[in-house]
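Heads up, the thing below is written out as C-alpha cells.
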Number of protein chains: 2
Amino acid sequence: MTSHADGQPERRSTRQRAALSEALADSPVFLSAQEIHARLRDAGTSVGLATVYRNLQSMVADHEVDVLRTDEGESVYRACTSSAHHHHLICRGCGRTVEVAERAIEVWAEKIAAEHGFVDVRHTLEIDGLCAACAAQR
Amino acid sequence: MTSHADGQPERRSTRQRAALSEALADSPVFLSAQEIHARLRDAGTSVGLATVYRNLQSMVADHEVDVLRTDEGESVYRACTSSAHHHHLICRGCGRTVEVAERAIEVWAEKIAAEHGFVDVRHTLEIDGLCAACAAQR
DNA sequence: TTATGTGCAAAGGGTTTGCACTCCG
DNA sequence: CGGAGTGCAAACCCTTTGCACATAA
C-alpha cells in the first residue's frame, strides 16, 4: 500500500491553485491551512478555505509539499525543496527550518526494526531547538 | 520555560482516576481517549468523557503516561513503562509497541543541531512497520 | 460542452470548557 | 465544610463534505 504506480491525475491550473503555490513558495516556514487562507485573503487573492484544504491535499499527494503535525494537532505545510527523503530541524523561536538529508537515521531505524522482526518500516523524525539568532535574544 | 521546579499539585484519589489508571495498566497498546472511555463503560466502571480527557492530561503532565499523535490527529495514551527517554517501534497491524532505548539517536540529533547552530534541542522519533506475526498473515 | 475545480455553509470528529453537583480530605 | 474532581452538554477548532455554480481544456 505504500506506492501506487502514480500517474498524477492531471490537475487543472486555476487562479486559486497558483495563488496557493505562490504563497507556499514565498514562505520558508511551515504554514497551517488557516494561515495560508488568511494570507491569501490579506494579499487580495482570496481563496475559499475548503479549496485551500483540497489543493493542499492534492499537492501533498503529488509530493509538491511536505506536511507536518504540530503538537496541537494542526497540519502545517511547506513547499518541498527536495523530493528525496529527509528530516526537519525546526527553530521553536522563529519557525526557520533546515532540511537534514543524513542517511544515518534510515539505516539505524532499519536495523532496530529488523532486530525486533519488523518489516515494511517507515519512520518520522523531527528535531527542534532554538537557532543561533533566537537563542541570542534571550 | 521548559521546567517548573515541579511539585505535583497533589491529585485526589477518586474512583474514576483509579479506573483510568487500571485501564491503562492493562493495555500494552496505545489507546485513544475515546477507546479508554468505551472500555471503562463496557467494564461497568463508567467515567465521563470529559473526565477521561482531564485525567489523561494531568497524567501526562505528571509523566505517568506517554502520548502520541496518530496520523489522523488523534491523541493516544499508554502508561509509561520506563521514565527514561525512549522511542517507540509500533506495529501498524496490531498496535504492539516496543520501546527502544538506544542513545545513538540522541547523540546524532545533538550533533546535527549543533552543526546548524541550534541549542536547547529536542526531538521526536517514531518507527512503525509490521511485526513478524502481522507480516506472516498476508 | 463537460468534467474538474470552487465557494459556501453545514456536518464531522476529537477535545475543551462552563456550570452545577459530588465527594475526598 | 471547602475546594478539587466529576458529568453533561454546549462550545471550539480544524478539517471534510454536499451541492450548485464557475471555468479550464
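Every value quoted in this text rests on a predicted model; they were computed, and no experiment measured them. Within every chain, numbering begins at 1; the chains are lettered A, B, ... in the order of the sequence lines, protein sequences first and strands thereafter.
Taking the side-chain hydrogen bond (donor to acceptor under 3.5 Å, both in side chains) definition, one finds that B:His123 meets it with B:His85, B:His87, B:Glu106, sequence neighbours left out. A search for side-chain hydrogen bond (donor to acceptor under 3.5 Å, both in side chains) contacts involving B:Arg39 returns nothing, not counting sequence neighbours.
For the side-chain contact (heavy atoms from CB on, under 4.5 Å) test with A:Thr97, the passing option among A:Ile90, A:Leu89, A:Asp66 is A:Ile90; the others fail.
Taking atom CD on A:Glu10 and atom P on C:dA3, their separation rounds to 13 Å, with Å as the unit. Rounding to whole angstrom units, CG of residue A:Leu56 and C1' of C:dT6 are separated by 15 Å. Going from atom CE of B:Met59 over to atom P of D:dG5 covers 13 Å, rounded to whole Å. Rounded to whole Å, atom P of D:dT15 lies 12 Å from atom CD of A:Glu72. Atoms CD (B:Gln57) and C1' (C:dT16) sit 8 Å apart, rounded to a whole Å. As a whole-Å value, the separation of B:Glu74 CD from C:dT16 P is 12 Å. Distance, B:Arg69 CZ to D:dC13 C1': 12 Å, rounded to whole Å. For A:Leu68 and D:dC14, the CG to P distance is 17 Å, given to the nearest whole Å.
In the hydrophobic clustering of this structure, B:Val67 groups with B:Met59; members are Ile, Leu, Val, Met, Phe, Trp, Tyr whose side-chain heavy atoms approach within less than 4.5 Å, directly or through other members. If you chain together hydrophobic residues whose side chains sit under 4.5 Å apart, A:Trp108 and B:Val121 fall into the same group.
A close approach under 4.0 Å does not occur between any side-chain nitrogen or oxygen of B:Gln16 and OP1 or OP2 of C:dT22.
Counting heavy atoms of neighbouring residues, nucleotides and ligands inside a 6.0 Å radius, atom CD of A:Glu115 exceeds 12 of them.
Atoms CG and NE2, on A:Asp42 and A:His37 in that order, are 10.0 Å from each other to the nearest 0.5 Å. With rounding to the nearest 0.5 Å, the separation of CD in A:Glu110 from CZ in A:Phe118 is 12.5 Å. A:Cys134 SG to B:Asp120 CG: the interatomic distance, rounded to the nearest 0.5 Å, is 11.5 Å.
In this structure, B:His88 has its ring center closer than 6.0 angstrom to the ring center of B:Phe30.
For B:Val52 against B:Ala33, the heavy-atom pair with the smallest separation is CG1-O, 3.8 Å. Residues A:Cys80 and A:Val65 come closest through the heavy atom pair SG-C, 3.7 Å.
Summary of helix geometry: the two end axes of the helix from C:dT1-D:dA25 to C:dG25-D:dC1, each defined by five base pairs via their C1' atoms, are inclined to each other by 30° (rounded to 10°).
Taking a 4.0 Å limit (strictly below) on heavy-atom distances, residues 18-32 of chain A does not reach DNA chain D anywhere. For residues 34-54 of chain A, proximity to DNA chain D is found at A:Gln34, A:Leu49, A:Ala50, A:Tyr53, A:Arg54, defined as any non-hydrogen atom under 4.0 angstrom from a strand atom.
Judged by distance alone, the side chains of A:Thr51 and A:Arg17 never bring a donor and an acceptor atom under 3.5 Å apart. Residues B:Tyr53 and B:Gln34 have side chains that bring a donor and an acceptor to within less than 3.5 angstrom of each other.
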So which protein N/O to nucleotides 23-25 of chain C N/O distances come out below 3.5 Å?
unit_1	atom_1	unit_2	atom_2	d
C:dC24	O2	B:Arg12	NH1	3.4
C:dG25	OP1	B:Ser13	N	3.4

